[in-house]
Amino acid sequence: MGRYAEELESLRAEGLYRDLRIIRGAQGSRVELEGKEVLLLCSNNYLGLADHPLLKRAAAEGASLGAGSGASRLVSGTMELHEILEARIAAFKRSETALLFNSGYAANTGIVSALVGRGDAIFSDRLNHASIVDGALLSRASFYRYPHCDMAALERLLEERGGKGRRLIVTDGVFSMDGDIAPLRKLVELARRYDALLMVDDAHGCGVLGETGRGSAELLGVMDGVDIQMGTLGKAFGSFGAYAAVSREIREYLVNKSRSFIFSTSLPPAVLAASLAAIELVDSPEGARLRSRLRENVSLFKQRIAAAGFDTMGSETQIIPIRVGPAEATMEFTRRLLEQGIFVQGIRPPTVPQGSCRLRCTIMATHETAELEEAAEAIGKVGRELGVTE
Ligand SMILES: *Cc1c(COP(=O)(O)O)cnc(C)c1O
């Protein structure tokens with residue numbers, strides 16, 4: 001046996017083994033999975049932009065400038081399109097400036113580890129995304145995790161810990177596995193009172209939440225109060241990459257200090273052009289129409305799932321978890337739904353806490369009403385078969 005086979009075996013035994021499922025063809029609301037057409041109920045392509053004709057055309061035109069950018073941003077990899085897209089993102093987020101990163105993962109590790117270091121302190125929601133945790137570990141700052149959305153606990157930590165160094169409060173805007181929204185107003189107030197920077201990872205809010213899709217900060221009326229608004233272009237925007245919408249000073253600092261920004265080849269022109277088209281679309285009447293369709297779909301599906309007796313774990317958004325509990329039962333749930341042509345991934349530790357395995361359903365604007373009704377019915381039936389509901 002190789003060095004890793006034993007550990008892989010024990011992952012299998014615990015029901016925690018993971019493998020890859022291959023989709024053939026485009027990323028639509030229905031996809032071909034392992035030779036079978038299924039309803040896709042676990043994609044973050046919330047507005048259906050990933051295979052939108054406008055984005056595909058923009059990407060093709062972008063590719064006329066070449067397939068790659070050839071270098072990192074600080075060497076010779078900053079093309080006009082990077083600057084144009086950053087200006088467009090800053091206008092969209094109403095921030096002074098914006099800075100692109102190659103992915104949300106790279107953004108979080110690069111931003112957190114640059115803005116704080118030894119002697120500084122990070123205050124982080126316990127359910128924040130793994131990339132924030134990794135950034136915190138890289139930073140070598142003291143790392144305090146507060147119970148999920150518990151503002152009294154955060155305030156106690158801010159009072160008692162942190163010392164004289166810089167302080168960073170960081171939170172997901174929409175929690176990726178629970179679908180609830182961070183209490184941003186209170187977070188802005190605490191950040192001001194305790195002289196901390198506030199960073200919001202809006203991977204699942206940007207493009208979707210708020211009147212004009214500017215994200216969780218727009219929804220909660222605090223766009224001016226968030227120092228670092230991070231978002232990804234790979235989810236609702238249907239493209240790839242990520243950004244930090246920040247002040248001029250913070251951008252300049254990140255350009256000089258953020259290692260994931262500095263030591264990596266920049267985004268290629270096809271991706272930049274697609275992202276630009278995505279933001280135009282999200283910021284247009286068509287974007288508003290898609291968001292309104294998404295809201296209707298979310299409300300219908302959530303209502304059906306709750307009526308079937310499932311626990312949706314406080315979801316307030318298009319991310320609708322269905323609590324199952326044990327890992328094995330969760331994966332069996334996924335298998336049985338696949339047999340009925342519905343694809344929902346089961347989510348297990350370490351992505352979620354032990355014992356809280358769930359189906360993470362995600363709704364798209366391009367799902368049809370009848371599809372969601374049928375899916376909710378199938379989920380209800382399997383839930384009863386497996387004893388998840390009565
Ligand atoms: C997906 C996700 C990321 C990572 O973004 P990518 O662009 O996919 O690398 C970061 N934070 C949260 C909360 C996410 O859900």
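We count ligands from 1, going down the list as the structure has it; atoms in each ligand are counted the same way. One-based numbering along the sequence shown. Heavy-atom basis, side chains included; hydrogens, waters and symmetry copies ignored.
Atoms OG1 and CG, from Thr171 and Leu198 in turn, are 8.0 Å apart once rounded to the nearest 0.5 Å. For the atom pair OG of Ser131 and CG of Asp201, the computed distance is 6.0 Å after rounding to the nearest 0.5 Å.
In this structure, Phe175 has its ring center closer than 6.0 angstrom to the ring center of His148.
Using a 4.0 angstrom heavy-atom cutoff, Gly234 does not count as in contact with ligand 1.
When only interatomic distances are considered, the shortest N/O to N/O separation between Thr232 and ligand 1 falls below 3.5 Å.
Nearest protein neighbour of atom 4 (C) of ligand 1, counting heavy atoms only, is Tyr105 N, 3.5 Å. Taking atom 13 (C) of ligand 1 as the reference point, the nearest protein heavy-atom neighbour is Asp201 OD2, 3.2 Å. If you check which protein heavy atom lies closest to atom 2 (C) of ligand 1, you get Lys235 NZ, 2.4 Å. The nearest heavy-atom contact from the protein to atom 5 (O) of ligand 1 is Gly104 CA, 3.2 Å. The protein atom (non-hydrogen) at minimum distance from atom 15 (O) of ligand 1 is His204 NE2, 2.5 Å.
Taking every non-hydrogen atom of Asn108 and a distance limit under 4.0 Å, the qualifying atoms of ligand 1 come out as 10 (C), 11 (N). When each atom of ligand 1 is checked for a heavy atom of Ser176 under 4.0 Å away, the hits are 15 (O). Near Ser131, the atoms of ligand 1 lying under 4.0 angstrom from a non-hydrogen atom of the residue are 10 (C). Close approach to Asp172 involves these atoms of ligand 1, each under 4.0 Å from a residue heavy atom: 13 (C). Taking every non-hydrogen atom of Ala203 and a distance limit under 4.0 Å, the qualifying atoms of ligand 1 come out as 2 (C), 11 (N), 12 (C), 13 (C), 14 (C), 15 (O).
Evaluated for a side chain to side chain donor-acceptor pair (under 3.5 Å) with Ser266, the options Ser76, Ser72, Ser69 yield exactly one hit, Ser69. Applying the side-chain contact (heavy atoms from CB on, under 4.5 Å) test between Arg348 and each of Glu14, Gln354, Arg358, Arg18 identifies Arg18 as the sole match.
Taking hydrophobic clusters as Ile, Leu, Val, Met, Phe, Trp and Tyr residues chained together by side-chain heavy-atom distances below 4.5 Å, Ile169 does not share a cluster with Val116.
At a cut-off of 3.5 Å, with distance as the only test, a side-chain donor of Ser275 or Ser239 sits close to an acceptor on the other residue.
At a heavy-atom cutoff of 4.0 Å, ligand 1 is contacted by both the backbone and the side chain of Ser103.
Contact detail for Thr389 and Ala308: the closest heavy-atom pair is CG2-O, 3.6 Å.
Aromatic ring pairs are classed by plane angle as parallel below 30°, tilted from 30° to 60° and perpendicular above 60°; the pair Tyr243 and Phe237 is perpendicular.
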